Every structure is written in C-alpha cells, then in structure tokens.
Amino acid sequence: MSLAIIEDQLHKCGYKTDSDVSELYLGRKGLKEVTDLSRFRMLRYLWLNHNKISKITCLTNVCRLSELYLNNNELCDIAGSLKNLPSLRILMLNDNYLTKLQDTVKELKGMTSLHTLNLFRNPLAQDAGHRLYVIYHLSSVQLLDRENVTHKEREDAFKLFNPEQTAVIQSIGFGRRTDSVLPVRRPLVKSSSASCARMSLGNKNADDQNRYKNRAQDVLQTARQRSVMQYSLLDWSTLPSSSQKYREGQTFQPAQFRTVELR
C-alpha cells in the first residue's frame, strides 16, 4: 500500500527520476508501515506525520535527510531506526508512545547537527528531569519541545549529570578565589549514644574546617602562581652609540637585560 502511495505522490509532484526527489510528503495517509526509501538518495525533507506507524524500517540509507516529521504516530521505540541520519537538523517525535528516555537519546547522539527536537506528549516526557537530560546529552539541540534551550539550563544540566567535574571546576575556580567549596562526602557512622555522636560530629566539623582552609590556601596559591607574568627588557643605556663604536681604544660591556615580574 505504501509503495502505491509513494508512486502516486511522485507522479503528482512531477518527479521523473528517483534522484530528483528531494522532499516527500506521506503525512495523513493512514500508513502503518513504509517501504524502504533508500532509492531516494537526494531526499532531504520527509513527512510521515499523522499516520499509524509503530516501527521505522525505511531510513537505512537516506543519509542526506535533514528534516524528518514522525509526530502523531504509534511509535513505542526508535532504537536502531534513526542512527544512520547524521545530517538531520529537525526531528519531530512528539505525540507518540516513546517510554525509554535513555534509549531514545542514545539513538540520537550521532546526530551532531540536530538543532530542533520535539518529544512532548510522549510518556518519557512526564519525567520532570527529561528536559535537562536531553540538553546534557544532545548538546547541539537549540530548540527543545518548542522552547529555546537557555544558558542556565545547560549549566543546570551539567551540574546535575556531571557533578564530579563540576566540583573540580568550583574548587579550582580557574585562578579566581572561590567563596565556597563543595563538602566532602563521608560515610554515615552509627553511634550507640547521643554524646558520642555529638563528640564525633564536633571532631568532624573541626577536621572539615581545617581541610577547607588548607584547600582554600592551595587554590589561592595556585591562582597567584598562574597570575605571574615575567618580562625581560633590554637596558638601552648599556649600549654604545654609533659614534662611540668607532672610537679607538674603547671597550664596551655586553648589553644588559632587566627582568620585571607582574602579578
């Protein structure tokens, strides 16, 4: 059925050869599956929206595709279906039945040019953290679920999904003084009495304060070392003039350099 619909669409658009096909509209055709489209090697725009498609098997060799509309279908999983679309810039997957956020994002990681992505009205979008997860793992996306990705969202996503590197950045501060240092995680210790717990807590607080103080001093020392600039300048007063060079019986000392350090 899909083959007949495709041929009818080609006839309506006046395409004479498969290499002439750059866009193909197959939306709202009641399709449950689509035949292989690898014959259209120049295809860039494809509409498959508002059908009844539950599985994508038609895009194995359509590497020039830049816009793909799969919204309003019956897709439950896209694993292995879209990984061969490196040039894709716009992808509409909203209004489907996608449930696995990690698998869905993993399938899209190879799309380094992906700019616009819609995932809303899928079960996976009910997770409150799904937006930050997508922003962190798909860094090229600028428009997600019809909203621009902000700089703050990228920072929040980085802090949430890469806490170790965030801690390193905050502790070093790139040569700047840091007003706070991330606390050190310690295992919980169970105590048999309240007094022992308070004493242990007091010792830990003292140790943490000393540790934070030492770390702050190390950070400050690192910043000072990084901010030192050294210049070597020629002392022109030690050089003889052109007339002095040709006077007989005179000797001159080698040119001298002066070194200046700035912080």
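Here the structure is a predicted model, which is why all the values come from computation and not from measurement. Both backbone and side-chain heavy atoms feed into the values below; hydrogens, waters and symmetry mates do not.
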So, does [X] use its side chain to make a donor-acceptor pair with the main chain of [Y] at under 3.5 Å?
X: Glu147; Y: Leu144; result: no
X: His137; Y: Val134; result: no
X: Asp36; Y: Thr60; result: no
X: Asp127; Y: Gly129; result: yes
X: Asn61; Y: Ser38; result: no
X: Thr35; Y: Ser2; result: no

Donor-acceptor pairs are to be reported for all side-chain atoms of residues 65-73 against protein atoms at under 3.5 Å, with residues two or more places apart or in another chain.
unit_1, atom_1, unit_2, atom_2, d
Ser66, OG, Arg44, O, 3.2
Glu67, OE1, Tyr69, OH, 2.7
Asn73, OD1, Asn51, N, 3.3
Asn73, OD1, Lys52, N, 3.4
Asn73, OD1, Ile53, N, 3.1
Asn73, ND2, Leu48, O, 3.0
Asn73, ND2, Leu70, O, 3.0
Asn73, ND2, Asn71, O, 3.3

Item to check | Heavy atoms of other groups near Gln102 CD, more than 12 under 6.0 Å | outcome: no
Checklist entry - Just wondering, are more than 12 heavy atoms of other shown residues or ligands nearer than 6.0 Å to CZ in Arg41? => result no
[X] [atom1] to [Y] [atom2] distance, which is reported to the nearest 0.5 Å:
X: Leu101; Y: Tyr133; atom1: CG; atom2: OH; result: 6.0 Å
X: Leu114; Y: Ser140; atom1: CG; atom2: OG; result: 5.0 Å
X: Arg64; Y: Leu88; atom1: CZ; atom2: CG; result: 14.5 Å
X: Asn122; Y: Thr99; atom1: CG; atom2: OG1; result: 9.0 Å
X: Cys63; Y: Met42; atom1: SG; atom2: CE; result: 9.5 Å
X: Thr17; Y: Phe40; atom1: OG1; atom2: CZ; result: 10.0 Å

Item to check | salt bridge (Lys or Arg N to Asp or Glu O under 4.0 Å) partners of Asp8, counting only residues at least two apart | outcome: Lys12
Item to check | Ile6 and Leu37: CA distance, side-chain angles, deciding distance, side-chain contact (heavy atoms from CB on, under 4.5 Å) verdict | outcome: CA-CA 10 Å; Ile6 292 174; Leu37 299 176; 3.7 Å; yes
Next on the checklist: Just to verify, what does Arg28 make a side chain to side chain contact (heavy atoms under 4.5 Å, CB included) with, not counting sequence neighbours?
Outcome noted: Tyr25, His50
Next on the checklist: Thr57: which residues meet the side chain to side chain contact (heavy atoms under 4.5 Å, CB included) condition with it, sequence neighbours left out?
Outcome noted: Lys55
Between [X] and [Y], is there a shared hydrophobic cluster once you connect ILVMFWY residues whose side-chain heavy atoms come closer than 4.5 Å?
X: Trp47; Y: Leu31; value: no
X: Leu24; Y: Leu91; value: yes
X: Ile90; Y: Phe120; value: no
X: Leu85; Y: Leu46; value: yes
X: Leu10; Y: Leu43; value: yes

Checklist outcome for this item: Residues pairing under side-chain hydrogen bond (donor to acceptor under 3.5 Å, both in side chains) where one sits in residues 85-96, two or more places apart or in two chains, turn out to be Asp95-Arg121
Checklist entry - Going through the distances and angles, do Val141 and Thr116 end up as a side-chain contact (heavy atoms from CB on, under 4.5 Å)? => result CA-CA 6 Å; Val141 174; Thr116 302; over 6 Å; no
Checklist entry - Between His151 and Glu155, do the side chains contain an N or O donor and an N or O acceptor separated by less than 3.5 Å? => result yes
Checklist outcome for this item: Nearest heavy-atom contact between Thr104 and Lys100 is OG1-O, 2.7 Å
Checklist entry - Considering all heavy atoms of both residues, which atom of Leu132 and which atom of Glu153 are nearest to each other, and what is their separation? => result CD2-O, 3.5 Å
Checklist entry - Honestly, is Arg154 close enough over Tyr136, meaning NZ or CZ under 6.0 Å from the six-membered ring centre and within 45° of the axis? => result no
Can you list, pair by pair, the side-chain donor-acceptor contacts under 3.5 Å of residues 76-83, counting residues two or more places apart and other chains?
unit_1, atom_1, unit_2, atom_2, d
Asp77, OD1, Ala79, N, 3.1
Ser81, OG, Ile56, O, 3.2
Ser81, OG, Ile78, O, 3.4

Checklist entry - Do Asn118 and Leu93 have side-chain heavy atoms sitting under 4.5 Å apart? => result no
Item to check | Heavy-atom check, side chain of Asn84 versus side chain of Leu59, under 4.5 Å | outcome: no
Item to check | Candidate pair Asp18 and Arg39, rule side-chain contact (heavy atoms from CB on, under 4.5 Å), full reasoning | outcome: CA-CA 6 Å; Asp18 292 345; Arg39 55 188 273 204; 3.1 Å; yes
